[in-house]
Amino acid sequence: MDTLQVYLILAAILFSLGMFAVITRRNAIAVLMGIELILNAANLNFIAFARFGGMNIGGHIFALFVIVLAAAEVAVALAIIINLYQNFNSINVDEAQQLKQ
Amino acid sequence: MNIFLQYTLLIYFLPLIAFGVQIFIGRRLPRQGDWVSIGAVLATLVLSIALFAGMLLDYNPNFKQNFSFTWLETANFKISMGFLVDNITIIMLLVVAIISSASHIFSLKYMEGDPRYSRYYAYLSLFTFSMNGIVLANGFMLLYMNWELVGLSSYLLIGFWFEKDSAANAGKKAFLTNRVGDIGFFIGIMLLFTAIGSFSYGDIFAGVAAGKITGTLLTLAGMGLFLGAVGKSAQFPLHIWLPDAMEGPTPVSALIHAATMVAAGVFMMVRVFPILSPDALIVIAYIGGFTAFFAATIAITRTDIKQVLAYSTVSQLGYMILAIGTGAYTAAFFHLVIHAMFKANLFYGAGSVIHGMHHALHELDDHKTDAQDMRNMGGIKSKMPVTYWAMIISSLAISGVPLFSGFLSKDAILAGTLALVNRTGAHYILLFFGFGAALITAFYMFRMIFLTFHNEPKKPKIFDLIKESPTAMLIPLVVLSVLSIFIFYTLPNFNPLSDQGWFTHLVEQHESLVPGHINPSVHEIEESLHHSHFPAMITSLIVAGLGLLLAWLMYFKKFISAEVWARRLKPLYNLSFNRYYIDELYDKIIYQPFLKLADWVAYLDWDVYDKYFINGIGRVTEWVAKIVGIADYEGLDQEIVDGFGRSTQRLGNSLKKLQTGKIQNYVLYAAFAIVILLIIQML
Amino acid sequence: MDLNILSLLVWLPIIGMLAIAFVPRDKVDVIKIIAAAATGLQLFLAILLWMQFDKTTGGFQFMERYNWIPSFNIFYTLGVDGLSLPMVVLTPLLSFLAIFVSWNTKRAVKGFFALFLLLDTGMMGVFLALDFFLFYVFWEVMLLPMYFLIGMWGGPQRVYAAIKFFLFTLFGSVLMLIAILALYFTCGQTFDMITLMHTAPDALNGVLWWGMSAIKVIWVLLFVGFAIKVPVFPFHTWLPLAHVEAPTAISVILAGVLLKMGLYGMLRVNYGMLPEAVWWFAGALAVLGVINVIWGGLAALAQKDLKKMVAYSSINHLGYALIGMAAVVAAGAANGNNYAAAEAGMSGAVFQMFNHGTISAMLFIIAGVVYDRAHHREIAGFGGLAKQMPIYAGVTAVAFFAGLGLPSLSSFISEFMCFVGAFPVFRTIVIISTLGILINAAYFLRAYQKIFFGELNKKYSDMPEINGRELFTLIPLAIITFIFGVYPAPFLNVIKETVSGIIEHVVTLGGATGIF
């Protein structure tokens, strides 16, 4: 059971769930959570490849980087969402169509 | 510098200087500068007299001086021009100077008060200048240039009173008719130049003598030159301009259209006489003889005093041409000189009468009555005695009455004609022309005298106011009347019946230079002239007397009614009265078709050729362009090029819908894209 | 002189044009003065050139030669000889006078004078260029300003006239360009005209294109190109229209200079480079000449518009020059090596070119004077003006009598020489064309009578006399006409060596090949 395959499939499921959340949810917070899922799916891949691919510590370091970046990203994203809320009185991403115009 | 060259240069250029002064500053000079022109012409008179005196002292028939300079030159082509001074030149210079001076003086009063007085004198000076050029020229180049310039001054002077349409028309007619002759003249010159390579008389004479041009070409060249003379000397069929030229002021008619310019044609024929071929001479004789007779018949029915004189001039010029044609070269020139004197005198007389009439009409404030119509005159003899006697003397001269100058030259011409007929045994008609014209001349001249000066005045009101003309106008009359006496032409010989004298000595009969010329030698001509002299003289006396008598009976005594005879000879009278319908004929067969041709050419050029052909090319091009344009726009551009654009647009429009601005959609597309890429990868 | 006088002559007007470009458009007087100064200086230089010119040689003088486009063997070559010198003097003379003729131009003065100066450069360049490419460039340079000058400052039909002029000339230019390229590629890839004059006859000898002799093909192309400019009979209908519509000054330039380019081109290019074909074409040339004379004269006689009459008189007068040019064959062996006649005809033709320049310029200025006052040009619409405007009548008389070839005025001599030269070879043609001198007299005298004689037309009883400025434009031309009419030797001395050279060239190179 402890094979690379299993971890990759798990990561793929996680990624897909994250992706699904990103694409379908209207709530910005939910989208953010989707992104977290995608990032963690990537982390899982890094760790899995580090373990089974004989890559020593490189994978772990990348995973740590991603976690730190995710934290930073969440901070920035929440700030944007707050701004969004102040401007549109909503955190529904569909209403933020300024780009289209 | 040679004294002859000095004198002739002065004679030539003084009038030109006067012309320049007059045309530019004449109006601002005192007396409008008439003294400039008169001074110049009197100076030429003095110089001409000096030359003439020198010639008489020298008394050398072969005197000849030639001055020539190169006028223009390229490597092989060269034109020289210059002066030829011989006895003919000197005599002619004197004639021109005398008549020209007389006209200048006569005009002092005649033209007094004319608004263009200074202009008038300018033109007279221009004429004197160019006429002297014709006389002095040593070749065709200078001759032709001055030939055209006298035409110019004639044009300007005929049309001097240009407000009158008839005057303006007459000037134009004169110039154009002369140009017709000049074309022939020019072709003649070119024929000679092409064969001989020079324009000067000397070279051309030598060339003809050497046989460089012979046969038909020489005849054609001679005919060409003669055509020039026909134009200038108003011979049939180009005589039509001269009667019209009487529209000019009378002193001009005297100077230009009676004595000098019209004689230029004869003078030129005298100059070129040695190179005229026998065939050309015969044509010349016939044209001259016919003109002499024909013009005389027209003169009979003129009522305008100047018209009588005009046709008389044409007729007398015909005599001179006839003389050239018959080979009586000396006689031709002799008659030219003598005719100049008496015909100018006649014109001055007529001018004096017209002047008197004008003044009378002016006082009556009558602007309708024609001052030149003899039907308004009559009996003026008592009022204008000097004019009358001058007219009588010159009429006697022109009629060929002994003791007067005209007898001498006319007799010589008729003798020449008779001699020709005797020598050849043919051409009798020339005799008829010659003697017939002599008879008619005497008749119409005295008709004019009687109608104008004798009998009861026809318009007593006008008659009462007529006065003799002022002295300035009488001086030329007196001088020229004196010069119509035989003695001036026969010295040192006093026989009034023989033309032998200084003239015949100094102007010798010329030998023809045409090689193989079968014409008799000078000696033979003189011989036959000698034989013909007496019979010719008798006959001419008889015909002249007959003419005079007829005129006396008809118009003085009125034994024979002119009106009755005019009715009896109605067709002839009509022909003469309408000048044989020649003007009308020319109008119909030449002017109008010519103008129509011009209109037609202009129409063809502009409204047909340009409009349809040139613009047609344009239109066809435009049409082709339109088709190409349609094909290009509708086909290529609209369908293909724009079609491509349109489909791109449609595609864009549909693709536009993907652009939602929603990040999630984009992510979805990206995801799909990845899936598709993966599928492709797998395949 | 190490000063490049020819370049200066060509480019001076351009300098003037640039100067004008920097002047504000409402400073009208400054613009006119610059234009007058530029052309005046050019005239001065041209006269200087005339004085410095060595009359004893027939070759090119004051040559300038610089590399221009080496890859195509194109040089900037200028030079002057006896054929071009009269034109080089005539061009600035007429340009200078034309500036004064158009002194009262009201509309778009700046553009007018700027274009005018450009035109001047183009004309000067054509007469001085000795490189075929340069020649063609100048030829086209002069076309464009002319188009605008007629099309913008002309009469009511100006646009039509300008387009017609432009298309006609462009058509000619295209044919010329083809001929130039043909010469370039067949004669050693050179545009140098002097070289071509010597190499072309040999290089083209015996060459056949589509079964026709290359020489004849090129001759016809060039001839048509130049004939349009002259204009020779079937190509002439742009001229009356352009003349009638163009402003006076432009008519002066058009008749005075532009028409001469055609004849100049024939003498320089056709005679210079294709001497063999001269023998082939001379008869046709004489026939075209006589058609020009008679047709142009008759058409002039029928005109009702004064300017149109003068325009047709140009066609008529240049016919004489064509006849004179045809006379060159008199020098051939078959015609008895009559060099005198050939020289008379050719010198007469060149002299006629110059004389027509001065005389037709006078005629157009005269037509302009009366048009400025009466605003129409109907010959029959005047009458009696001699009384009202005696000085004008006098000047007109000089111009008209010069036009009808009165001796003592220059055109007489040139026409006379053309006739005398052509007579030995083309006897019948010359005899027919002497009718032209009658027709000339007829149309000029008719017009003179209708305008000046008769009772004064009441409408014009207060018409002002010709003014000082107008007289200033006419008097110099009248004086030239008169001086050369009385004493033509100074002019003929300048051209005679070159003319002899051309005749010699045509005889030796043309006679050597088999065509004649």
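Each chain gets a letter, A, B and so on, in the order its sequence line appears, and its residues count up from 1.
Comparing Pro234(C), Gly421(C), Ala489(C), Gly383(C) by heavy-atom pairs within less than 4.5 Å of chain B, the highest count is held by Pro234(C). Contacts with chain B were tallied for Trp238(C), Phe235(C), Phe401(C); Phe401(C) has the most, counting heavy-atom pairs under 4.5 Å. Note on Phe168(C), Phe416(C), Phe419(C): by heavy-atom pairs under 4.5 Å with chain B, the leading option is Phe416(C). Between chain C and the options Ile617(B), Ile183(B), Leu597(B), Ile189(B), the largest number of non-hydrogen pairs under 4.5 Å is found for Ile183(B). With chain B as partner, the option from Ser500(C), Pro240(C), Pro488(C), Ala386(C) having the largest number of non-hydrogen pairs under 4.5 angstrom is Pro488(C). Counting heavy-atom pairs closer than 4.5 Å to chain C, the top residue among Ile187(B), Asp165(B), Thr70(B) is Ile187(B). Between chain B and the options Asn338(C), Thr434(C), Leu435(C), heavy-atom pairs under 4.5 Å are most frequent for Thr434(C). Among the candidates Glu497(C), Glu343(C), Arg427(C), the residue making the largest number of heavy-atom pairs closer than 4.5 Å to chain B is Glu343(C). Among the candidates Asp605(B), Thr74(B), Ile23(B), Asn146(B), the residue making the largest number of heavy-atom pairs closer than 4.5 Å to chain C is Asp605(B).
Phe127(B) has its ring centre no less than 6.0 Å from the ring centre of Tyr123(B). Between Phe199(B) and Phe193(B), the gap from one ring centroid to the other is short of 6.0 Å.
Contacts between Leu191(B) and chain C at a heavy-atom distance below 4.5 Å involve backbone atoms as well as side-chain atoms. Interface residue Glu73(B): only backbone heavy atoms are found under 4.5 Å from chain C. Of the two parts of Val425(C), neither the backbone nor the side chain holds a non-hydrogen atom closer than 4.5 Å to a non-hydrogen atom of chain B. Neither the backbone nor the side chain of Ile503(C) comes within contact range of chain B; no heavy atoms are under 4.5 Å apart. Ala341(C) does not touch chain B: none of its heavy atoms, backbone or side chain, sits under 4.5 Å away. Both the backbone and the side chain of Ser408(C) come within less than 4.5 Å of a heavy atom of chain B. At a 4.5 Å heavy-atom cutoff, the contact between Leu404(C) and chain B is made by backbone and side-chain atoms alike. Neither the backbone nor the side chain of Phe171(C) comes within contact range of chain B, judged by heavy atoms closer than 4.5 Å. Looking at Lys387(C), both its backbone and its side chain come within 4.5 Å of chain B, counting heavy atoms on both sides. Looking at Asn169(B), both its backbone and its side chain come within 4.5 Å of chain C, counting heavy atoms on both sides. Only the side chain of Ile614(B) comes within contact range of chain C, with at least one heavy atom under 4.5 Å from a heavy atom of that chain. With a 4.5 Å cut-off on non-hydrogen atoms, Tyr155(B) touches chain C through its side chain but not through its backbone. Within the 4.5 angstrom heavy-atom criterion, no atom of Val499(C) approaches chain B. Proximity to chain C involves both the backbone and the side chain of Tyr144(B), based on heavy atoms less than 4.5 angstrom apart.
Across all non-hydrogen atoms, the minimal contact from Gly485(C) to Ile413(C) is O-CD1, 3.1 Å.
More than 12 heavy atoms of other shown residues, nucleotides or ligands fall within 6.0 angstrom of atom CH2 in Trp161(B).
In this structure, the side chain of Thr498(C) engages the main chain of Gly82(C) through a donor-acceptor pair within 3.5 Å. Between the Asn178(B) side chain and the Lys232(B) main chain, a donor and an acceptor come within less than 3.5 Å of each other. Between the side chain of Asn132(B) and the main chain of Thr128(B), a donor-acceptor pair closer than 3.5 Å is present.
Below 30°, between 30° and 60°, or above 60°: for Tyr448(C) and Phe453(C) the angle between ring planes is above 60°, a perpendicular geometry. Classification of the Tyr609(B)-Phe233(C) ring pair by plane angle, with boundaries at 30° and 60°, yields parallel. Relative orientation of the Phe484(C) and Phe491(C) rings is perpendicular, given thresholds of 30° and 60° on the angle between their planes.
One side chain, Asn440(C) or Tyr443(C), offers a donor N or O that lies under 3.5 Å from an acceptor on the other.
To the nearest 0.5 angstrom, Met309(C) atom CE is 13.5 Å from Lys304(C) atom NZ. Rounding to the nearest 0.5 Å gives a distance of 11.0 Å between CG of Asp610(B) and CG of Leu239(C).
The side-chain tip of Arg116(B) points at the ring of Phe160(B) from less than 6.0 angstrom away and within 45° of straight on.
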